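Encoded as structure tokens, the structure appears first; notes follow it.
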Amino acid sequence: DTAVSQTPKYLVTQMGNDKSIKCEQNLGHDTMYWYKQDSKKFLKIMFSYNNKELIINETVPNRFSPKSPDKAHLNLHINSLELGDSAVYFCASSGAGRNYGYTFGSGTRLTVV
Amino acid sequence: DAKTTQPTSMDCAEGRAANLPCNHSTISGNEYVYWYRQIHSQGPQYIIHGLKNNETNEMASLIITEDRKSSTLILPHATLRDTAVYYCIVTTNQAGTALIFGKGTTLSVSS
């Protein structure tokens with residue numbers, strides 16, 4: 001079983017559209033994250049949720065809205081897509097305690113045309 | 001901002017040990033040193049982490065200096081599949097703390 005799974009793997013869409021990326025983790029972790037990796041390959045934190053509560057909200061356009069229906073899921077909704085939103089988006093989760101660690105999904109490559 | 005400094009790139013011959021350095025001179029007493037790598041455009045992969053003592057697992061060894069201001073990741077017998085970007089990150093183990101990535105070191109392993 002994949003620990004952190006994202007769908008879709010690839011997403012090509014036109015400017016102005018609204019799209020969602022889904023993420024699920026089966027590790028029992030309490031915290032989930034969204035990262036963005038742009039063409040310069042720099043990985044940047046966007047959001048994090050701990051037990052369904054938003055705890056990190058970096059400077060991200062409000063067209064991006066995370067939603068966490070339960071602690072195993074963190075979805076990312078993007079409204080009015082722009083060319084500059086093209087990037088690879090990674091979901092991650094982390095646990096607590098002695099075995100604290102982060103697990104990343106395989107990424108969603110978003111291309112806005 | 002990332003609290004670590006790493007060389008931009010390194011080369012290593014296949015079968016030799018790869019030693020990747022990292023400076024973290026402002027590390028706090030409760031911060032751990034984590035190493036992750038990213039192969040091509042895959043998701044970052046956990047390698048190893050430590051607080052004060054040296055650590056070893058099936059993938060690598062982590063050597064942390066006594067003053068904790070720097071560390072070295074050692075891949076004992078590098079293979080072509082170890083070609084990747086390696087990230088050294090310092091972070092607390094508090095719930096919800098995000099990993100802050102720097103630019104990492106691009107390791108190229110050649111035959």
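In the text below, chain A, chain B and the rest are named by the order of the sequence lines, each starting its count at 1. Only this structure's heavy atoms are used, side chains among them; waters, hydrogens and symmetry mates stay out. It should be emphasised that the depicted structure is a prediction, and the values quoted were computed from it without experimental measurement.
The two atoms that bring Y87(B) and Q37(A) nearest to each other are OH-NE2, 4.1 Å, heavy atoms only.
Around NZ of K44(A), the count of heavy atoms belonging to other residues, nucleotides or ligands within 6.0 Å does not exceed 12.
The side-chain contact (heavy atoms from CB on, under 4.5 Å) search around Q45(B) returns R37(B), I39(B), M59(B), not counting sequence neighbours. Evaluation of the side chain to side chain donor-acceptor pair (under 3.5 Å) rule for S108(B) yields no partner, not counting sequence neighbours.
I64(B) and V90(B) fall within the same hydrophobic cluster, defined by Ile, Leu, Val, Met, Phe, Trp and Tyr side-chain heavy atoms under 4.5 Å apart, directly or through other members. Under a hydrophobic-cluster definition in which Ile, Leu, Val, Met, Phe, Trp and Tyr are linked whenever side-chain heavy atoms come within less than 4.5 Å, directly or via other members, L75(B) and I48(B) are assigned to the same cluster. Note: the hydrophobic cluster containing F42(A) does not contain L107(B) (ILVMFWY, side chain heavy atoms under 4.5 Å, direct or indirect links). In the hydrophobic clustering of ILVMFWY residues, with side-chain heavy atoms under 4.5 Å counting as a link, Y46(B) and L20(B) come out apart. Grouping the Ile, Leu, Val, Met, Phe, Trp and Tyr side chains by contacts below 4.5 angstrom, directly or via other members, places W34(A) with I78(A).
Evaluation of the side chain to side chain donor-acceptor pair (under 3.5 Å) test over residues 13-24 of chain B, restricted to residues two or more places apart or in two chains, returns H24(B)-S71(B).
Both the backbone and the side chain of L43(A) have a heavy atom closer than 4.5 Å to some heavy atom of chain B. With a 4.5 Å cut-off on non-hydrogen atoms, K41(A) touches chain B through its backbone and its side chain both. Using a 4.5 Å cut-off between heavy atoms, Y35(A) touches chain B through its side chain atoms alone.
Taking non-hydrogen atoms and a 4.5 Å limit, the residue list of residues 104-113 of chain A in contact with chain B, ordered by number, reads F104(A), G105(A), S106(A), R109(A).
Taking OG1 of T97(B) as the start and CD1 of I55(A) as the end, the distance is 7.5 Å to the nearest 0.5 Å.
Of the possible polar contacts, one joining the Y36(B) side chain to the Y102(A) backbone as a donor-acceptor pair under 3.5 Å is found. Judged by distance alone, the side chain of Y33(A) and the main-chain N or O of L99(B) form no donor-acceptor pair under 3.5 Å.
Here P44(B) is the residue among P44(B), G43(B), S41(B) with the most heavy-atom pairs under 4.5 Å with chain A.
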